[in-house]
Structure formats: structure tokens, C-alpha cells
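So the structure is just underneath, and the comments pick up after that.
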Amino acid sequence: MPLASDTVREITALRVRYPQPRSAILPCLWAVQNELGYLSAEGMEEVAAILDLAPSEVQAVSTFYSMYFAQPAGDHQLLICVNVSCALRGADAIVDHVQSRLGCPSGGTTGDGKFTWESTIECLGACGGAPAMQVNHHFHENLTPDRVDGLLERLRAEPRPSHANGQSVGHVAEALTVKAPSSGPHPPSAETPPAPNAEGPPADTGVSDPAFPAPELPLGEHTEMPGSRSKRSYTKRGSRSAPRKRPRPNAGDL
Amino acid sequence: MGEHKLLTEHFGTEGLQTLAVYERVGGYQGLREALSRFTPETLIDEVKASGLRGRGGAGFPTGTKWGFLPKDVFPRYLCCNADESEPGCFKDRALIDENPHQLIEGLLIAAYALQVNTAFIYIRGEYHDQRLLLERCVEEARAAGHIGANVLGSGFSCDVIVHGGAGAYICGEETALIDSLEGYRGQPRLKPPFPALKGLYGKPTVVNNVETLSNLPHIVQRGGAWFKQLGTEKSAGTRLFCCSGHINRPGTYEIAMGTPIRELLEEECGGIWKDRSIKAFQPGGGSMQVLLPEHLDLPLDMDAVAQAGSSLGAGAMVFMDETTCMVNVSMRLVDFYHHESCGKCAPCREGTYFESDLMHRLEAGHLTLEELHTLADICDNMNGKCFCPLGDTATWFVMSAFKAFRDEFEAHCGAGACPVRTASAQLVTA
Ligand SMILES: Cc1cc2nc3c(=O)[nH]c(=O)nc-3n(C[C@H](O)[C@H](O)[C@H](O)COP(=O)(O)O)c2cc1C
Ligand code: FES
């Protein structure tokens, strides 16, 4: 299916925005993903044609970046950080909670197509408000299971946002007029970020084994997180071949 | 010493993200002065005199870097590095969220000094709202004549392009950033030639961090000498420290260089949470080596921290309390590098894979002591042998933690579960 004329216009405008047209690949791919929800082969071919590149070159670029989806995703996308600062303040508990609420593992999409969620080891840049996640590219910080529940409930009622990651040209007008919330106090205020519960979030430093509370879901209800670079879900670890054995007598001499 | 507000002075001012309010608090005065009082050469000298060092991690003197551009080769390019993805780091986001025009003003000052007519802001894909905000601010500044042809009637012209990434930590490395901006997979390039000679589109290019650039309006207005007397002899100015982890008040704090780390922890961050004691901290972001409570009296000075065997890096401080399992923390950082390895060189691509595999088995208590030695061996085979620092830094935390907490690492071997978690569960309930 050819891209909408608006998208084609946007890509054509991006082409002349840079000293060299090829620089426009990333924003052009965003334009495609904004329209389709993912990068289709045909969409990438159109980008290639407009930028005067081989389709394979555009595809090769797309697979390098983790935010492009290779398959359609749910209406709302949740990305939960499990890097150190978030883990120190209970990110694993949030991951477990989301998993039990949505009933599919990290990287999956709910059966009703409403949510795609993933736990990510990429620090989102919200460590001051840990544990944190992004929902449709907006930050949500100082998470607690209760807050997550409230958020999920609200999102369930909302339709898919029209521009998941709108790129400049044409979308500047809709840029924020409201100040984006920042991570932690800047400048430092006397106020502590809201305590998630009376005791504060659990100092959870362990990776818990996922217990899937959801019963067996029919096949086809889960899709792999589109765009994942063959990355495994963080909490569940597949078996791997053992590393080559090349023992060293004493690790202490490092 | 202690808290000293320069970049964050006006944070929290209602509407600071608009041009009108920013100008009301003195914004774009630095740009005006740069254009009227300085030539590009004298401006570079002023920045050299200020002692400003890059805030992106490596701490390279900014004026010196600018001086490397070959004379008479045009066009040249300037890239603001807003790819901030270092674990524990969120200061650039704060600088953009709170005071985006300060960054744009700094970018324009640098562009004038370097005689650059096209400047880019490469911002990570996850900072979606921040990108939209910057785009709006650029349009606003353009409409006011601060960007575009004949900036403020000076005869100098500069366009600013905000470019969003799409999720790749490595694109923060300057040559990978350039590759990505050219429309390729973001993989680092061999240096030399350094970007100052052959960078974007093969032309002389300077890459500077958000915080580095945000300092420039202040240096121009108050003078390099004034800036230099803030902080310590070799670390001039203030820095934004991103404090996170087990502390009472996580957040970004701007303080003068040279302040003791303990003061940052106790006074700004409100100390370790839940009345616990500190076990360890990481002073520079996910890449840097672990430091111990005995290092808390070190001054926040790049060289002093380097002497203690770590680095201030990008200014992230992650504090860990006594219940923290260092194996678990190491595992997450190793996983991060495994996930972010760009695949260009074998030591990093394969090494992070094995590191991650071993760390997961260690954390679960299923590694043998012999395999622990394999882990050390693998790290030894990576450090200093990778194409770019990503692979090297993938070993720094885990190896420093192994050295400092060797008992803890060994106690995991064959334990069948994390011994620290079990112990700290008792501690919490006790
Ligand atoms: C793997 C890697 C990631 C990096 N990420 C960033 C980053 O996110 N932001 C940044 O400003 N510098 C980053 N750097 C440092 C840049 O390569 C470069 O030194 C810096 O942008 C220069 O700016 P400065 O001189 O103003 O510090 C990274 C370096 C490496 C090796
Ligand atoms: S560690 Fe989670 S946002 Fe930084």
C-alpha cells in the first residue's frame, strides 16, 4: 500500500533539509512509522526512491536502531527501564506488576491489541524519578504499582495517539506548550519525590523470575516486540551455549 | 563551595522555555556580546582562558578542541551531542526541559567562534518531548532573527537543525553520531582523522555536549577569568550532577567543582535513604568504576576522582545502600553494554555476549569459581582492545566491583541463589 500523500510530502520536504539528502533517513523512517505504526518494506522502498538510495540501504539503517518497529505494535507502547538506578528503586516489581496486569511477557502485545510493553536495559534518562517508564514516548516517573494501574486504566480508554513520534517538518505547530516534567528536582527543592508507599519503593536488586499469571494465551495473541534487535526479554533468560573454556589460573591478577 | 547556580539559575521560572521570558532574564545577551565584542579568534581565546572542559564524559578542554579546526577549510559543522544515554545520566534532559534557549544560545556562540553556518542538535530518540520543545524554540529564535541569515544583524549566518535519533547508545560517541547524522548505521569511525579534520560529510566538525554549550553564554558575559575561578584549578566552573539510587532526594544538582562528594550526598541528596549506610557508589555513569565509602571525602574534581581509579565521566552519581548486591548491579551494566554494542568489532560484540552470559549465571548462583576466572579473562581480553571505548567501559564497573567485592562475587559461585539478596531480606525484616 503506498504511503499517504501527507507522508510523501513530509519525506520530500525532509530530503532538502540537510546538506545531503541521505541524512534525512532517520526522520523519514519516523514519518513512515508515524503513519503505519511500523516500518513496512514498501514504506522503506518509497523512502529509498525519494532519497535516491537502494531499498536495502534504508532497511539496513532501520535495523540498527531499536525504536523502529518491524511489525505493527499495540495502540499504546510501554517501555520500562530496568537499568541500575531504576532497579535500585524497585523497577523489577513494576515489571512484574505490568506483566501480571497485561498478561503477556516483555516484548509482547496484549490480545486486544491495546498494549505492547517491554522492559528495557536502556537507561531512559529518568533515573532521578526512578523507577521510570515511557508510555508512547512520554515519561512517567516515580512509579508504583498503584500508579501503573491508574495509568493503564486511563490508557485503555484512549485511542492510539496519532503521532507516536512526530518528526519536525509539519508537526512543529503541535509541539509542546506545556512544560515537560523533569526527572527529579531541578533545581533541588526540599521536596522529596512522592513516596510510592509508606515504606518507599522496595529496594529490589534481584531479578525475579517471571511468573506468568495469565493462563495459556491462544497462539497469535503475542507478537514479538516489533523492532527488537533479536534481543531477549530481560527477565527471562534463554539457554545459551557455554562460553569457550579458557580458564585462567587466578583472576586476582587483574 | 557547594551549591552554585549558573546554568540552573533560572530553572523553574515560569515560561522560561519561551523566548520572551528567556530574554527577560538576560537571555541571548551572551550571543549579542559575542557577535559585537569578539572576533571568532578572540572568542576561542576567551573559551580557552575559561578552562572549560567538555561535559560529555572525556573532559577535553573545549577551547583547545576548537583550535584544532584547520584554517580556511569550509564548510564546517557543529553538532550538539544531546544523545545522553549513559546509565544514570539525565542532566542534558534537565537542561533542555528547563532552559532550552540557553542551549541554543550556546550553540550559536560556538557556531560563531567556529564560523559554522549549519549547526545540528542530535537528540536521542527517546527524548521525544524534548525534541519537539527544541524544535519549537529554534523556530521561535529564527523568527526573532537569532537564527538564519544575518544573525542579529551581525552579518554572520547560521542555521540550526534538530535531528532526532532512534535508539542507540553508541550514537553518543562522536564519530558514531556523525555516521548516524549522515544517514548510516551509527558505528564509530577510526580516529585519526579526528572529526576536527574530517567529520560530518568529510568536513571539519566539532561535537560538543549540551552542558558544555550551555556554559558559553555565561563565559561570554562574565568572562573566561571569572569562570575559571569557580571550581578547582583543573576543573573550572560548576557541574550538573545527576544523583540517583538509594538517596532521599534524587535529582540534578549544580555545584562548584571541588566540593567534597560527601557534601553532595549529605546536603543536596539528603543522605542515604531509610537510615541505611552507603555500600558503594558510581561517580561518572554506568561506564565508570565503583568507588567505596572511603572515597566520599574526595573532591568533585576530574583529576582527584581519576586518581582514585574512577572518573567523573558524564556527571552521574549512583549511590547504593548496604543491601545492594554488587553482582546484580554489575550484571545489569554488562547487559546494557551487550545490548548496545554496535557489532563493529569482535572483542566488544563477542566479549559483551560472554560477559552477559556469565554474569547472569553468576547472579543466579550457578557459576563455578573456575568460570569466574573466565569472566576476568574475558574482561582482560576486551579492555583496551576494542575499537571504541564502549567495549572497554563494558568491563570497568564489573572488574572494579570484582576487585572491591571479591568475597561477594565468590560467594555467588555455586550458591544456587543470590546470597546478598537473602541476607538483605533478613536485614530489611529485622
Ligand atoms: C560509547 C560512548 C557514548 C557517548 N555518549 C555520549 C553522550 O551521550 N553525550 C555526550 O555528550 N557525549 C557522549 N560521549 C562522548 C563523545 O564522544 C564526545 O566526547 C563528546 O560529545 C564531546 O563533547 P564535549 O567535549 O563537550 O564533552 C560518548 C562517548 C562514547 C565512547
Ligand atoms: S536507570 Fe532507569 S531511567 Fe536511568
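Each chain gets a letter, A, B and so on, in the order its sequence line appears, and its residues count up from 1.
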- Task: Any chance you could lay out the side-chain contact (heavy atoms from CB on, under 4.5 Å) test for B:E182 and A:Y18, step after step, and finish with the verdict?
- Result: CA-CA 9 Å; B:E182 286 185 2; A:Y18 294 87; over 6 Å; no
- Item | From CA spacing to verdict: side-chain contact (heavy atoms from CB on, under 4.5 Å), A:F64, B:I170 | CA-CA 11 Å; A:F64 186 81; B:I170 187 62; 3.8 Å; yes
- Message: Would you say A:H138 and B:D129 are linked by a side-chain donor-acceptor pair, where the criterion is simply a distance under 3.5 Å?
- Response: yes
- Message: For a side-chain contact (heavy atoms from CB on, under 4.5 Å) check, start with the C-alpha distance between B:Y122 and A:L26, then their side-chain angles and the critical distance, and finish with the verdict.
- Response: CA-CA 11 Å; B:Y122 186 106; A:L26 296 191; 4.1 Å; yes
- Go through the atoms of A:Q20 and report whether side chain, backbone, both or neither lie under 4.5 Å from a heavy atom of chain B. both
- Query: So, the side chain of A:W30 versus the backbone of B:G125: is there a donor-acceptor pair under 3.5 Å, distance only?
  - Reply: no
- Residues A:E122 and B:R332 bridged, charged N to O under 4.0 Å: no
- Query: Of the backbone (N, CA, C, O) and the side chain (C-beta and beyond), which part of B:C171 lies under 4.5 Å from a heavy atom of chain A, both, or neither?
  - Reply: side chain
- Item | Heavy-atom proximity to chain B below 4.5 Å, by part of A:P19 | both
- Message: I need the A:S23 OG to B:I161 CD1 distance, nearest 0.5 Å.
- Response: 8.0 Å
- Message: Nearest 0.5 angstrom please: B:R131 CZ to A:H137 NE2, how far?
- Response: 9.0 Å
- Message: Counting C-beta onward and ignoring hydrogens, is there a side-chain heavy-atom pair between A:C123 and B:Y169 closer than 4.5 Å?
- Response: no
- Hey, does B:L333 have a side-chain heavy atom less than 4.5 Å from the side chain of A:N83? yes
- May I ask you to establish whether A:R22 and B:Y201 are in a cation-pi arrangement, using a distance under 6.0 Å from NZ or CZ to the six-membered ring centre and at most 45° from the ring axis? no
- Under a 4.5 Å cut-off applied to non-hydrogen side-chain atoms, are A:R89 and B:S244 in contact? no
- Item | Evaluation steps, side-chain contact (heavy atoms from CB on, under 4.5 Å), between A:M67 and B:E126 | CA-CA 8 Å; A:M67 292 177 76; B:E126 288 84 355; 3.6 Å; yes
- Interatomic spacing from CG in B:L181 to CD1 in A:I25 - rounded to 0.5 Å: 11.5 Å
- Task: Sort B:E86 into side chain, backbone, both or neither according to what part of it lies under 4.5 angstrom from a heavy atom of chain A.
- Result: backbone
- Query: Taking the side chain as C-beta and beyond, is there a heavy-atom pair between B:S180 and A:Y65 under 4.5 Å?
  - Reply: yes
- Query: Of the backbone (N, CA, C, O) and the side chain (C-beta and beyond), which part of B:C89 lies under 4.5 Å from a heavy atom of chain A, both, or neither?
  - Reply: backbone
- Message: Is any side-chain heavy atom of B:V318 closer than 4.5 Å to one of A:S85?
- Response: yes
- Item | A:V61 backbone acceptor or donor facing B:R185 side chain under 3.5 Å | no
- Go through B:Y184, B:F319, B:Y77, B:Y127 and name the one with the most non-hydrogen pairs under 4.5 angstrom from chain A. B:Y184
- Item | Pair B:D159 + A:R17, salt bridge at N-O below 4.0 Å | no
